[in-house]
*Asks:* 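Quick one: this structure, given as structure tokens, is what I'll be asking you about.
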Amino acid sequence: EQTLTGHPTNVQTRNELGICYKLKGKYDKAIEIFEQTLTGHPTNVQTRNELGICYKLKGKYDNAIEIFEQTLTEQPTNVQTRNELGICYKLKREYDKAIKIFEQILTEQPTHVQSKNELGICYKLKREYNKAIEIFEQILTEQPTNVQARNEVGICYRLKGEIQTSINFFHKAIELHPDNTYFQFQLSISQNTLHQKVYADKKRLGIVLNVFENYIVVFAVEEQFFRSFEVPNPQDYPLYQAVLFSLEEIIKIIPKEDIRPKFFIESTVAWLFPDRQEGFIYNINNQSKQGKDYFFDYDACDFEPQVGDKVHFISVLNPAKKYQGKPVAVLIKKAVHICQIRNCYNKMTHSHIEAFDVHTNTMLKFDQELPQKLKRGQQFYYEKQGSKIVLLEERK
């Protein structure tokens with residue numbers, strides 16, 4: 001930006017500035033810069049490609065396709081642009097169009113690894129796993145150290161149901177790349193898949209913990225394992241979304257309010273970092289702030305947390321390396337107490353209500369004036385005010 005103060009029309013500097021905003025995830029700002037640059041330099045291919053990539057990253061695939069096709073009318077052999085065009089069709093799930101583009105590139109440049117990788121991914125997404133494996137193994141013949149191709153082969157074997165082959169493949173991958181934690185992660189998924197096959201149809205509560213370009217990673221709350229799913233639109237499953245799933249598929253999204261209370265833990269917000277949107281919740285078995293409490297970030301909350309807030313949360317593990325060994329809290333909400341009316345006593349000298357907490361099934365007594373039309377079985381929110389328990393509004 002300092003350079004542009006003195007040279008506002010410098011295309012290279014403007015492109016670099018736009019790329020920086022793109023890498024920061026500020027796509028609208030990057031788009032603004034690239035579009036301004038193209039006003040003065042309409043034929044600059046790098047600027048136009050970067051503009052198309054920004055629209056692609058925003059999920060506006062039709063806009064990106066229009067830009068890439070415009071470039072190809074002027075430079076029909078531009079491999080980078082053709083590759084990006086194919087990726088856009090892939091992301092739109094128009095796999096046959098994408099395959100045609102990648103195959104045309106490979107006819108002209110048989111060793112173009114990125115196009116070959118994308119071609120294999122398209123066949124994988126079409127569930128033509130044998131074709132995908134054949135393509136990825138061709139890459140490995142040419143480039144034995146290609147980590148992405150090796151990873152895709154193992155995933156394809158798992159997706160086509162050859163779980164033990166997938167496990168063996170990832171074991172071999174780890175021997176070749178012992179420091180690659182992602183192979184270890186994929187191996188654990190394959191091992192868990194094999195272990196869980198005996199109850200593959202069981203429905204489970206899961207939490208989305210990773211969202212990738214073509215698939216999501218779900219954590220099974222009760223059984224404590226990770227499972228990846230290829231889904232048509234991963235953006236439909238935001239981080240920390242609750243889902244009901246079997247080992248074969250995501251069954252449905254579950255609203256937080258529909259999750260059964262047994263999955264939640266109640267504790268207190270212990271610590272908030274002043275300079276970032278993160279904090280810790282007391283581990284009820286470890287009342288300290290020495291790294292064993294539940295880590296959380298604000299995206300996992302449905303309110304702005306304060307130290308001392310009593311909350312309900314779900315305990316999960318996190319595949320991210322920096323969180324390994326630390327319990328993680330997600331789907332955090334303020335602790336709300338709900339009771340169901342059992343009996344009402346309205347005497348001349350004294351009135352009170354008997355109810356029980358629907359979460360803990362403990363009996364409660366409310367010494368207060370009876371609300372009108374109070375009936376057995378109604379549910380109310382309540383709170384503890386010092387030594388008193390006070391009935392609040394009715395739960396509809």
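Heads up: numbering here begins at 1 and tracks the sequence.
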*Asks:* Where the side chain of Arg376 meets the backbone of Arg342, is there a donor-acceptor pair that is under 3.5 Å apart?
*Replies:*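 Here the side-chain-to-backbone pair exists.
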*Asks:* Between Glu223 and Lys202, does any NZ, NE, NH1 or NH2 come within less than 4.0 Å of an OD or OE carboxylate oxygen?
*Replies:*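 Salt bridge between Lys202 and Glu223, a charged N being under 4.0 Å from a carboxylate O: yes.
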*Asks:* Which heavy atom of Phe366 sits nearest a heavy atom of Leu391, and at what distance?
*Replies:*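 Result for this residue pair: CD2-N, 3.6 Å.
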*Asks:* Verify the cluster assignment for Ile189 and Leu209: are they in a single hydrophobic cluster under the rule of side-chain heavy atoms below 4.5 Å apart?
*Replies:*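 Yes, same cluster.
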*Asks:* Taking the side chain from Gln340 and the backbone from Gly377, do they hold a donor-acceptor pair closer than 3.5 Å?
*Replies:*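 Yes: the side chain of Gln340 pairs with the backbone of Gly377.
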*Asks:* Only pairs under 3.5 Å count here: list side-chain donor-acceptor contacts from residues 234-244, not counting sequence neighbours, and write none if there are none.
*Replies:*
unit_1, atom_1, unit_2, atom_2, d
Tyr240, OH, Asp297, OD2, 2.8
Gln241, NE2, Ile254, O, 3.3

*Asks:* Once rounded to the nearest 0.5 Å, what's the spacing between atom NZ of Lys334 and atom NZ of Lys310?
*Replies:*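 Reported to 0.5 Å precision, the distance equals 13.0 Å.
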*Asks:* When you measure from the centre of the six-membered ring of Phe229, is the NZ or CZ of Arg227 under 6.0 Å away and within 45° of the axis?
*Replies:*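 Flagged: Arg227 positioned over aromatic ring of Phe229.
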*Asks:* Do the non-hydrogen side-chain atoms of Ile341 and Lys375 ever get within less than 4.5 Å of each other?
*Replies:*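 With C-beta onward as the side chain, the pair stays apart.
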*Asks:* Of all heavy-atom pairs between Leu272 and Pro305, which one has the smallest distance, and what is that distance?
*Replies:*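 Scanning both residues completely, I find the closest heavy atoms to be CD1-O, 3.4 Å.
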*Asks:* Please report the shortest heavy-atom distance between Gly52 and Ala64, naming the atom on each side.
*Replies:*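 For Gly52 versus Ala64, the nearest heavy atoms are O-CB, 3.3 Å.
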*Asks:* Would you say Val330 ends up clustered with Val217 if hydrophobic residues are merged whenever their side chains have heavy atoms under 4.5 Å apart, either directly or through other cluster members?
*Replies:*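 Result: yes, single cluster for both.
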*Asks:* Passes side chain to side chain contact (heavy atoms under 4.5 Å, CB included), Tyr61 versus Glu94? Steps please.
*Replies:* CA-CA 11 Å; Tyr61 305 126; Glu94 296 183 25; over 6 Å; no
*Asks:* With a 4.5 Å heavy-atom cut-off, do Lys172 and Glu175 have their side chains touching?
*Replies:*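 SC-SC contact between Lys172 and Glu175 confirmed.
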*Asks:* Once you round to the nearest 0.5 Å, how far does CG of Leu51 lie from NZ of Lys22?
*Replies:*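 Those atoms lie 11.0 Å apart.
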*Asks:* Kindly compute the distance separating CD (Gln143) from CG (Asn117), expressed to the nearest 0.5 Å.
*Replies:*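 Reported to 0.5 Å precision, the distance equals 8.5 Å.
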*Asks:* Among Phe296, Tyr282, Tyr294, which residue satisfies the ring pair (Phe, Tyr, Trp, His ring centres under 6.0 Å) criterion with Phe313?
*Replies:*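 When ring pair (Phe, Tyr, Trp, His ring centres under 6.0 Å) is applied between Phe313 and each of Phe296, Tyr282, Tyr294, only Tyr294 qualifies.
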*Asks:* Are the side chains of Leu205 and Glu222 in touch, meaning some heavy atoms are under 4.5 Å apart?
*Replies:*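 Sidechains of Glu222 and Leu205: no contact.
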*Asks:* Relative to Phe136, does Lys124 satisfy both conditions: NZ or CZ under 6.0 angstrom from the six-membered ring centre, and within 45 degrees of the ring's axis?
*Replies:*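 Cation-pi check for Lys124 and Phe136: fails.
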*Asks:* Are more than 12 heavy atoms, taken from residues, nucleotides or ligands other than Lys60, located less than 6.0 Å from that residue's NZ atom?
*Replies:*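 Atom NZ in Lys60 is not crowded, with 12 or fewer foreign heavy atoms closer than 6.0 Å.
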*Asks:* Has Arg260 got more than 12 heavy atoms of other residues, nucleotides or ligands less than 6.0 Å from its CZ?
*Replies:*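 For Arg260, atom CZ is not crowded (no more than 12 foreign heavy atoms under 6.0 Å).
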*Asks:* For a side chain to side chain contact (heavy atoms under 4.5 Å, CB included) check, start with the C-alpha distance between Glu32 and Lys29, then their side-chain angles and the critical distance, and finish with the verdict.
*Replies:* CA-CA 5 Å; Glu32 179 185 343; Lys29 183 64 176 177; 4.0 Å; yes
*Asks:* Just by distance, do the side chain of Thr37 and the backbone of Ile33 share a donor-acceptor pair under 3.5 Å?
*Replies:*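 Looks like yes, one N/O pair under 3.5 Å.
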*Asks:* Might you point out which heavy atoms bring Gln186 and Phe170 nearest each other, and give the distance in Å?
*Replies:*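 Heavy-atom minimum between the residues: CB-CZ, 3.5 Å.
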*Asks:* Is there a donor-acceptor pair under 3.5 Å between the side chain of Lys116 and the backbone N or O of Pro110?
*Replies:*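 Pair found, side chain donor or acceptor close to backbone of Pro110.
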*Asks:* If you measure from OG on Ser188 to CZ on Phe183, what distance do you get to the nearest 0.5 Å?
*Replies:*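 The OG atom of Ser188 sits 13.5 Å away from the CZ atom of Phe183.
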*Asks:* Measuring from Leu106:CG to Leu119:CG, what's the distance to the nearest 0.5 Å?
*Replies:*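 Here the interatomic distance stands at 6.0 Å.
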*Asks:* Applying side chain to side chain contact (heavy atoms under 4.5 Å, CB included), run through Ile251 and Ser246 and close with a yes or a no.
*Replies:* CA-CA 7 Å; Ile251 298 169; Ser246 69; 4.3 Å; yes
*Asks:* Do Tyr123 and Ile121 share a hydrophobic cluster (ILVMFWY, side-chain heavy atoms under 4.5 Å, transitive)?
*Replies:*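 Hydrophobic grouping puts Tyr123 apart from Ile121.
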*Asks:* Which heavy atom of Ser228 sits nearest to which heavy atom of Tyr215, and what is that distance?
*Replies:*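 Smallest heavy-atom distance, with atoms named: CB-CD1, 3.8 Å.
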*Asks:* Could you state the interatomic distance from NZ (Lys333) to CD (Glu266), rounded to the nearest 0.5 Å?
*Replies:*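 Reported to 0.5 Å precision, the distance equals 11.0 Å.
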*Asks:* Determine whether Lys160 and Thr165 satisfy the following criterion, side chain to side chain contact (heavy atoms under 4.5 Å, CB included), listing intermediate values before the conclusion.
*Replies:* CA-CA 10 Å; Lys160 69 179 288 197; Thr165 303; over 6 Å; no
*Asks:* We want to know whether Gln164 and Asn168 form a side-chain donor-acceptor pair, criterion being a heavy-atom distance below 3.5 angstrom.
*Replies:*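 Side-chain D/A pair, Gln164 to Asn168: present.
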*Asks:* Asp258 side chain to Pro255 main-chain N or O, any donor-acceptor pair under 3.5 Å?
*Replies:*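 Checked: no pair found.
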*Asks:* Find out whether Lys58 and Ile31 are in side-chain contact, i.e. whether some heavy atom of one side chain is under 4.5 Å from a heavy atom of the other.
*Replies:*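 SC-SC contact between Lys58 and Ile31 confirmed.
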*Asks:* If you define the side chain from C-beta out and look only at heavy atoms, does anything of Val45 sit under 4.5 Å from Gln80?
*Replies:*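 No, every pair of side-chain atoms sits at 4.5 Å or beyond.
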*Asks:* Quick check: are there more than 12 heavy atoms from other residues, nucleotides or ligands sitting under 6.0 Å from CD of Glu66?
*Replies:*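 No, because the 6.0 Å sphere around CD of Glu66 holds 12 heavy atoms or fewer from other groups.
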*Asks:* Does one side chain, of Asn49 or Thr81, offer a donor that lies under 3.5 Å from an acceptor on the other?
*Replies:*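 Yes.
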*Asks:* Spell out, yes or no, whether Tyr157 and Ile167 are grouped together once hydrophobic residues are joined by side-chain heavy atoms under 4.5 Å, including indirect joins.
*Replies:*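 Different clusters: Tyr157 never reaches Ile167 through Ile, Leu, Val, Met, Phe, Trp or Tyr contacts under 4.5 Å.
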*Asks:* Tell me, yes or no, whether the heavy-atom count around Glu108 atom CD, taken from other residues, nucleotides or ligands under 6.0 Å, exceeds 12.
*Replies:*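 Enclosed.
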*Asks:* Answer yes when Arg14 and Glu50 have at least one side-chain N-carboxylate O distance shorter than 4.0 Å, and no when they do not.
*Replies:*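 No, Arg14 and Glu50 are not salt-bridged.
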*Asks:* Is there a side-chain contact between Thr193 and Leu247, using heavy atoms and a 4.5 Å cut-off?
*Replies:*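 A side-chain contact under 4.5 Å is absent here.
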*Asks:* So, do His352 and Glu354 sit near enough that their side-chain heavy atoms are less than 4.5 Å apart?
*Replies:*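 A side-chain contact exists here, since the closest heavy-atom pair is under 4.5 Å.
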*Asks:* Linking I/L/V/M/F/W/Y whenever any side-chain heavy atoms sit under 4.5 Å apart, do Ile216 and Leu57 land together?
*Replies:*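 No: no chain of side-chain contacts under 4.5 Å links Ile216 to Leu57.
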*Asks:* Is the shortest side-chain heavy-atom distance between Arg150 and His177 below 4.5 Å?
*Replies:*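 With C-beta onward as the side chain, the pair touches.
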*Asks:* What are the two closest non-hydrogen atoms of Glu213 and Leu91, and how far apart are they?
*Replies:*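 Here Glu213 and Leu91 meet closest at CG-CD2, 3.6 Å.
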